[in-house]
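Because only heavy atoms are used, hydrogens play no part in the values below, and waters and symmetry mates are left out as well, while side chains stay in. Bear in mind the structure is a predicted one, so any value in this text is a computation, not a measurement. In what follows, chains are A, B, ... by sequence order, proteins preceding strands, each numbered from 1.
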Amino acid sequence: MTALLEITDLWAGYGRQQVLQGINLHVDEGEVAVILGANGAGKTTTMRAISGMIERRGSVLFQGTAIGAASPDHIVHAGIAQVPQGRGTFTDLTVEDNLRAGAFVRKNTNDSIDTDIRQWFEVFPRLAERRLQKAGSLSGGEQQMLAIARALMSKPTLLLCDEPSLGLAPIITQELFDVLGRLNAQDGLSILIVEQNANLALRIAHQVFVLETGTITASGTPSEIAQNDTVRKAYLGF
Amino acid sequence: MPITITESSAQHWALRFVGVATLAGVAVYFASGAAPSTLGKITEACTLAIAAIALNLLLGFNGQISLGHSTFAGLAAFTAGYSVNAWHWNPWLSLLISCAVCFAFGMLVGLPALRLKGSYLALVTLAVAFVWPTVARKFLNQTVKQSTLTGMKLKPPTWTGLANNRADRATFLFWLSIALLIVAYGIVRNIRKSRIGRSLVAVRDNETAAAVMGVNLPLTKTITFGISASLAGLAGWLTAAQLTTLDENSFSILTSIKYLLALILGGAATLAGPVVGAFVYYFVDNLLKTNAPKWNFLPGQLSNGPVASFLLGAVVVAFVFIAPTGFVGLIKSQTRKIAIVVPRPLRHKAVAEASVENSKSP
Amino acid sequence: MGDILQYFLNGLARGSIYSLVALGLVVIYQGTGHLNFAQGEMSLFATFGAWWFNDHGVPLWLSILLAASFAFVGGGAIEFGLIRPAAKKSPFAVVVVTIGLFQAFNSLSGLLFKGAATGLSFGTIFPNKPNDFFRLPGGAVWRYENIGVLVTVLIITALLFTLFRKTKVGLAMRMVANNADSAKLSGVPTNKVLMLSWGLATAIGTIGCALVAGINTNVSLGTMFGVFLLASAAAILGGLDSPLGAVVGGLSLGVIESFVTNYPKDWWASTYIGADTATAAAFVIILVVLLVRPSGLFGSARVERV
Amino acid sequence: MTMLEANDISVKFGGIVALDGLSFTIDDGQICGLIGPNGAGKTTMFNVISRIYEASSGQLTFRGHNLLKVPAHRIAKLGVARTFQNLALFPTMTLLENVMVGGHSTGTIGFARSIFRFGTARAEQTLRDEAGDLLVALDLDKLAFHPAAGLPFGTLKRLEIARALAAHPTFLLMDEPASGLTHSEVDELSETIKRIRDEFKLAVLLVEHHMAMVMNVSDKVIAMEFGRKIAEGSPSAVQNDQRVIDSYLGTSS
């Protein structure tokens with residue numbers, strides 16, 4: 001299987017402080033990869049480095065093309081969409097405009113964008129009910145669903161999810177991972193997820209990477225990872 | 001490897017003493033030898049420093065922006081000038097009254113600040129500064145029936161042994177301005193180093209959290225506005241003591257901008273910043289105003305005003321990038337290489353060595 | 001009755017200019033959360049440029065268009081070269097930079113254009129001979145010049161609204177305004193959008209300044225002081241993030257100003273404040289509005305989550 | 001003994017009902033978990049107690065005081081302190097200063113006395129020593145003179161607790177303290193909460209989604225939905241309540 005995203009020796013940080021100290025990881029085509037790590041380990045930094053939101057050094061290959069120095073809008077054009085931490089809702093825009101905003105990079109006519117918007121309203125009926133409301137009035141769970149739909153409106157090949165379960169009730173979190181699992185299984189979408197809630201994430205994962213203080217300290221399939229005692233104790237809690 | 005000096009230790013006190021003694025020596029040197037015009041310039045720089053200190057208390061430490069400080073200074077200057085000339089008040093009494101009037105007016109202007117932040121507040125205070133010259137002109141037309149107001153013509157008190165001639169008056173105003181500068185500096189320093197000072201900074205950093213910690217937001221913000229305004233009034237009163245005539249243009253918006261630029265140049269939210277900034281601003285401005293008309297390489301016949309103010313505007317913009325912490329920040333980063341003052345260690349039975357190590361990192 | 005209508009019409013003319021400059025402020029504020037204190041002086045500088053072109057034989061309407069185009073480029077360049085790097089430091093740094101620019105541009109105008117301090121004569125593109133007016137019932141006159149200004153402002157406003165609501169560029173601007181990070185992650189080249197905002201705002205401001213100069217028949221260093229202040233007051237009144245608010249705020253401020261100046265001819269304060277009451281009264285009104293609705297009449301109140 | 005009694009509290013924002021007649025009590029020294037789906041009104045209840053929001057109706061009594069009549073800045077003095085969900089520290093201040101601001105309500109020195117430095121030295125020293133002790137208690141003393149900005153999330157969460165304790169509270173409100181922490185950090189935090197409860201004799205109201213933690217530390221759990229209470233009782237009772245499972249926990253947790 002070919003690697004869709006291949007990251008080699010990636011360094012990144014804020015100002016002089018280097019948070020990522022040469023990480024290596026890859027996401028294969030059609031697979032779900034999960035990054036586990038404590039706060040401050042550099043999970044969000046990894047996501048922002050891949051999306052080009054911060055200065056970084058090192059090689060990032062996406063479908064064989066180097067995107068390690070590209071700007072965020074080029075990376076979205078290339079086919080990587082990100083659901084940022086805290087959902088990044090356009091709170092003053094309506095739910096429908098949020099979805100339209102997600103389709104910003106598409107050259108398509110309005111018709112095909114409208115068709116896709118209708119499709120997402122079928123997937124998430126609660127969004128359809130609030131179509132013309134400002135997105136800021138949605139509950140946390142609804143906003144998270146909207147954020148995922150918005151990211152997918154750009155028709156990406158790879159979806160990055162930064163702590164999607166943060167601040168969500170357990171039942172909503174389960175629903176969310178069900179959706180992500182379905183997207184992967186049915187539509188073949190490749191996904192890279194950063195999560196604290198390891199138990200749920202591992203259920204849909206094919207590959208797991210453990211990130212500690214800016215470096216990848218362990219990697220493998222979920223079952224391999226679950227056998228690693230220290231990792232299990234720190235992230236899975238049993 | 002720099003020398004480490006603990007705060008409030010004997011070495012620290014010695015260092016402070018040397019610093020104060022040097023400054024005092026410089027002041028005595030000027031007072032004894034310099035021409036009255038030079039003393040006059042230092043007096044003006046001190047006046048600007050007091051205004052910048054006033055703005056620093058409000059903007060630097062409390063995070064409330066004001067472009068209306070020229071109005072407070074103007075209000076104090078007019079109160080002083082009018083009460084001394086028309087009602088023959090004692091000038092020293094007029095000092096107290098001017099500051100009190102500014103305190104009250106400052107609290108009043110501070111009221112909208114309870115609801116407004118950032119740019120909104122800046123605009124409201126800008127409006128105050130904009131309306132002031134109009135009000136001043138009306139006042140002069142209606143009440144004084146002239147276009148100008150006479151200054152206070154402050155005489156040196158007899159105990160000073162100074163005569164009422166130009167040179168002695170200059171010496172007197174020089175020492176007076178230094179004394180008032182020390183008072184203003186002392187007030188702001190004492191506030192900053194106390195429970196109240198911490199609460200001011202807390203309000204600046206995070207209002208909601210400060211309120212939850214028990215800080216009374218409306219009271220803290222309006223009183224800070226009031227104190228800052230009365231310190232600006234101090235600067236205004238001092239201006240009225242120096243000038244022979246005051247008019248509506250003495251305290252325009254540009255004066256407020258000058259206070260702000262001086263503060264930024266020196267370094268906001270530091271104690272020394274406004275003083276250093278005011279002196280640098282004043283003397284650079286002076287230098288440019290004297291020399292710019294001689295520059296032949298500039299096109300055409302230039303009035304000296306625009307060159308100086310253009311360059312100063314440009315310098316301050318440049319400073320935001322080169323030295324965002326102002327002159328004081330620049331100086332600190334250099335002296336750090338020689339000596340660092342570290343806080344006193346924590347006192348606790350379980351603390352062996354309180355983290356002197358960590359205070360070295362910024 | 002005719003008087004009232006007359007004051008209303010005069011107020012509309014002046015107010016439409018406040019609306020225009022306020023729109024420029026809103027375009028920038030929406031995109032960046034910054035208030036450009038130098039907006040008036042940047043536009044003034046460009047308007048002096050228009051005067052220079054006109055003085056060198058270029059027709060006035062073309063001079064104004066040329067100046068507005070230069071202002072567009074210049075505004076974008078200032079965003080790129082000064083504002084963006086300052087914004088990386090702190091929001092306060094941007095305030096300082098715009099105030100520094102205020103001083104720098106005002107002095108630069110005085111430096112480059114001889115006679116700018118006292119005023120240079122400036123023409124108008126609308127007919128403004130003494131008898132160029134409609135007579136309305138009741139005796140009020142509506143000058144063609146004032147109609148022209150109002151119509152110009154309405155056209156520009158309509159164009160801006162179409163841009164915001166109907167185009168992809170407008171969507172991008174609204175996205176950046178609401179959440180710059182998410183806009184980037186949705187593929188919006190935010191840097192270009194911000195430059196565009198600054199360019200647009202400066203160009204709009206320049207047209208506003210040229211119109212003011214036309215009504216005053218001259219342009220001087222002090223031309224934009226009051227206009228900027230009332231325009232920003234209008235923007236605040238309407239809510240800094242609402243273009244509609246800017247227009248309504250500007251027009252109502254112009255009308256209020258006109259009435260306060262003319263109507264209560266002999267009231268008690270008129271000896272003290274007289275015609276200048278207008279500015280003061282305008283600010284009292286704004287203050288009252290802000291105390292009741294801190295985000296303006298049309299501004300969106302953001303609920304802070306703690 | 002009952003310390004806090006909420007009786008029929010309602011909060012309305014415009015047309016939205018955020019809290020709908022909520023009643024509960026908390027006893028001295030009790031750790032009470034508050035759970036419920038997003039938008040159930042947990043944070044709203046928090047903000048009512050810490051006087052950031054006004055309640056539309058109802059009574060709230062804390063140690064005999066009518067809390068709804070107390071202005072926001074007097075709350076700390078009564079002994080109510082809180083931590084924030086998304087950290088609300090003073091970034092430019094050092095850790096020591098942050099904790100000293102936390103003790104603001106214990107001081108009495110006002111503007112006049114600070115300008116004239118009238119009797120300020122001793123109060124300052126006492127506050128500083130207390131703040132130092134709290135930094136030690138939460139293992140932050142090594143960073144006492146470091147500004148809060150730029151420190152790791154977990155460290156700042158501990159700083160929030162230290163700052164809250166500086167007010168000498170008898171009642172501590174914690175808003176999602178575990179969010180953003182890993183399992184092992186959450187376990188540590190649970191121990192810290194129990195430790196400070198015993199050491200400082202506190203009652204704690206804990207809003208949290210991390211069920212393992214809520215079940216581990218709470219003496220009692222209240223579950224909410226749509227601004228109303230749907231269950232109350234021991235952790236295990238609430239965990240097995242069918243309504244709580246349906247609306248919040250889900251089946252496979």
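In terms of heavy atoms, B:Ala202 sits closest to D:Val101 at CB-CG1, 3.8 Å. Scanning all heavy atoms of the two residues, the minimum distance from D:Arg117 to B:Lys193 falls at NH2-CB, 4.3 Å. The two atoms that bring D:Ser114 and B:Ser194 nearest to each other are CB-OG, 3.1 Å, heavy atoms only. Heavy-atom minimum distance, D:Arg128 versus B:Pro343: NH2-CB, 4.1 Å.
The structure places CD1 of B:Ile187 at 6.5 Å from CZ of D:Phe116, a figure rounded to the nearest 0.5 Å. Atoms CZ and CG, on D:Arg74 and B:Asn216 in that order, are 9.0 Å from each other to the nearest 0.5 Å. Rounded to the nearest 0.5 angstrom, D:Phe118 CZ and B:Asn190 CG are separated by 14.0 Å.
Residues of residues 89-99 of chain D lying within less than 4.5 angstrom of chain B, judged on heavy atoms, are D:Leu89, D:Phe90, D:Pro91, D:Thr92, D:Met93, D:Leu96, D:Glu97 in numerical order. Among the residues in residues 224-237 of chain B, those with a non-hydrogen atom closer than 4.5 angstrom to a non-hydrogen atom of chain D are B:Thr224, B:Ile227.
Other residues, nucleotides and ligands contribute more than 12 heavy atoms inside 6.0 Å of the CZ atom of D:Phe171. Counting non-hydrogen atoms of neighbouring residues, nucleotides and ligands closer than 6.0 angstrom, the CH2 atom of B:Trp13 reaches no more than 12 such neighbours.
Only the backbone of D:Thr108 comes within less than 4.5 Å of a heavy atom in chain B; its side chain stays farther off. Of the two parts of B:Ala210, the backbone and the side chain both hold a non-hydrogen atom closer than 4.5 Å to a non-hydrogen atom of chain D.
D:Gln125 has its side chain within reach of B:Arg347: a pair of non-hydrogen atoms, C-beta onward, lies under 4.5 Å apart. D:Ile115 places none of its side-chain heavy atoms less than 4.5 Å from the side chain of B:Ile196. Within the 4.5 Å cutoff, side-chain heavy atoms of B:Arg198 are placed close to those of D:Leu127.
Note on B:Arg204, B:Met213, B:Arg195: by heavy-atom pairs under 4.5 Å with chain D, the leading option is B:Arg195.
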